[in-house]
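Worksheet: the structure to be examined is printed underneath.
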Protein chains: 2
Amino acid sequence: MTVIFSKKCELALQAVLYLSVFNDKTYFTATDISKRLNIPKEFLAKILQSLAVHSIVISKKGKTGGFTLGKPLNEIRLIDIVIAIDGLEIFHKCVLGFKGCTVEKPCPLHEKWGKLRDLVYKMLSEETLLEIRDKSVEKIKSIHSINNDALVLAQSFQKRRLN
Amino acid sequence: MTVIFSKKCELALQAVLYLSVFNDKTYFTATDISKRLNIPKEFLAKILQSLAVHSIVISKKGKTGGFTLGKPLNEIRLIDIVIAIDGLEIFHKCVLGFKGCTVEKPCPLHEKWGKLRDLVYKMLSEETLLEIRDKSVEKIKSIHSINNDALVLAQSFQKRRLN
DNA sequence: TTTATAACAGACATATAAATCTGATATTAA
DNA sequence: TTAATATCAGATTTATATGTCTGTTATAAA
Ligand code: SF4
Ligand code: SF4
């Protein structure tokens with residue numbers, strides 16, 4: 001189970017964060033990004049297509065094609081990515097799942113949950129890729145090294161088996 | 001899609017809230033509760049069984065059997081119900097779904113999300129059934145009337161068709 | 001003791017989300 | 001122009017969560 005975002009949305013955020021680290025206009029292929037983030041390629045490809053529709057990324061077909069960010073870092077808010085993939089449903093639905101939820105007859109958590117929900121929304125609206133870029137760089141770097149370690153391990157294991 | 005809790009957990013909370021409204025030792029059957037809350041009976045029955053294992057409700061078999069709260073209102077926290085059904089996973093997992101998530105290399109939202117997450121946890125730990133009882137009473141009442149309205153509507157519709 | 005009732009246990013079915021596959025289209029390097 | 005490459009669109013498959021069914025067991029009223 002995911003925390004609040006769907007798996008799609010989590011991966012969308014990861015992919016965009018990845019692109020924000022290389023803030024040039026180079027195009028990264030879906031395959032490339034999926035390898036770096038260690039996530040399924042075809043699934044990511046679909047997600048990137050959705051993001052392209054919402055102009056969060058730009059796609060380019062053909063030999064030197066791939067995906068790159070569609071706007072400057074400071075113009076892409078985290079909430080934009082959430083909206084593109086999951087929509088704003090979670091900010092409108094009842095946290096207890098009651099069906100007839102009106103302002104007159106709110107659920108018992110309405111007030112307290114509502115405040116926290118608004119704080120989450122506020123945070124996602126205030127944070128653009130620019131603000132969190134330094135942290136993104138660190139995080140992506142650390143993933144990279146993890147994957148490298150795994151690769152090295154796999155290779156040495158392979159080697160042992162062949163001997 | 002649900003907000004943060006699973007459907008199971010949402011229904012568990014609803015059911016316990018319902019029982020808290022009648023703070024006597026009467027036993028309500030799964031069928032009865034499901035009708036009042038307008039939720040699937042067999043599914044609810046399973047959920048109530050899980051809650052019984054965690055002593056949040058007490059079950060009684062046989063003719064006058066059913067379910068009733070296992071402890072006084074002020075000893076059942078909302079977080080206890082969440083723990084029984086969903087566990088504490090959402091309070092430990094990465095909100096962006098990164099795999100290699102360590103304290104040294106946190107995801108870019110670690111700090112801000114962490115604070116909000118802790119507030120949610122705090123809220124669920126502080127609120128017992130006693131604190132929110134008045135609001136629960138109002139909410140359950142309103143659901144009841146909604147169902148009654150629906151019933152009346154359905155009946156008058158039926159009547160019209162027969163005429 | 002008999003009968004009705006309701007929880008219980010576990011198998012089964014369905015719906016939804018996640019992931020994969022296939023063929024088509026666009027783009028560029030050679 | 002040809003070959004290679006990568007996105008794109010949509011169907012299909014798989015996994016997981018949700019919901020249902022069947023028969024059994026415990027309990028209490030008749
Ligand atoms: S918390 Fe408020 S807005 Fe959310 S579902 Fe409950 S009553 Fe509705
Ligand atoms: S927010 Fe922090 S604790 Fe949560 S996943 Fe990200 S790095 Fe880990």
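The figures that follow rest on heavy atoms only: side chains count, while hydrogens, waters and symmetry mates do not. Chain identifiers are assigned alphabetically (A, B, ...) following the order of the sequence lines, protein sequences preceding nucleic acid strands; residue numbering begins at 1 within each chain.
Across every non-hydrogen atom of B/L129 and B/L17, the tightest pair is CD2-CD1, 3.8 Å.
The NZ atom of B/K63 sits 16 Å away from the P atom of D/dT27 (whole-angstrom rounding). Summarising the geometry, the separation between CG on A/L48 and P on D/dA9 is reported as 13 Å, rounded to the nearest angstrom. Computed from coordinates, the B/Q49 CD to D/dT20 P distance equals 15 Å when rounded to whole Å. To the nearest angstrom, P of C/dA7 lies 14 Å from CD1 of B/I47. Across the protein-nucleic acid pair, B/K60 atom NZ and D/dT25 atom C1' stand 16 Å apart, rounded to whole Å. Look at NZ on B/K61: it is 4 Å from C1' on D/dT25, rounded to the nearest Å. If you measure from atom CD of B/E89 to atom C1' of D/dA17, you get 14 Å, rounded to the nearest angstrom. The distance between atom CZ of A/F28 and atom P of D/dT5, rounded to the nearest whole Å, is 19 Å.
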task: Run the numbers on A/L44 and A/K41 for side-chain contact (heavy atoms from CB on, under 4.5 Å), then give the verdict.
output: CA-CA 5 Å; A/L44 176 64; A/K41 167 188 146 190; 5.9 Å; no
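Between B/F22 and B/F28, the ring planes lie tilted relative to each other; the angle falls in the 30° to 60° range. Between B/F91 and B/Y121, the angle of the ring planes goes over 60°, which puts this pair in the perpendicular group of the 30/60° scheme.
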Which atom pairs link the protein and nucleotides 16-20 of chain C when you take only N or O atoms and keep those under 3.5 Å?
unit_1 : atom_1 : unit_2 : atom_2 : d
C/dA18 : OP1    : A/K7   : N      : 3.0

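A 6.0 Å sphere centred on NZ of A/K112 holds no more than 12 heavy atoms belonging to other residues, nucleotides or ligands.
At a threshold of 4.5 Å between non-hydrogen side-chain atoms, the residues A/H110 and B/K135 do not count as touching.
An OP1 or OP2 oxygen of D/dT27 is reached within less than 4.0 angstrom by no side-chain nitrogen or oxygen of B/T64.
No contact: B/Y27 has no heavy atom under 4.0 Å from any strand. Among the heavy atoms of the strands, none lies under 4.0 Å from A/A45.
Out of C/dA7, D/dT5, D/dT7, the shortest distance to the side chain of A/S59 is found at D/dT7.
Salt bridge A/D32/A/R36: present, at least one basic N to carboxylate O contact under 4.0 Å.
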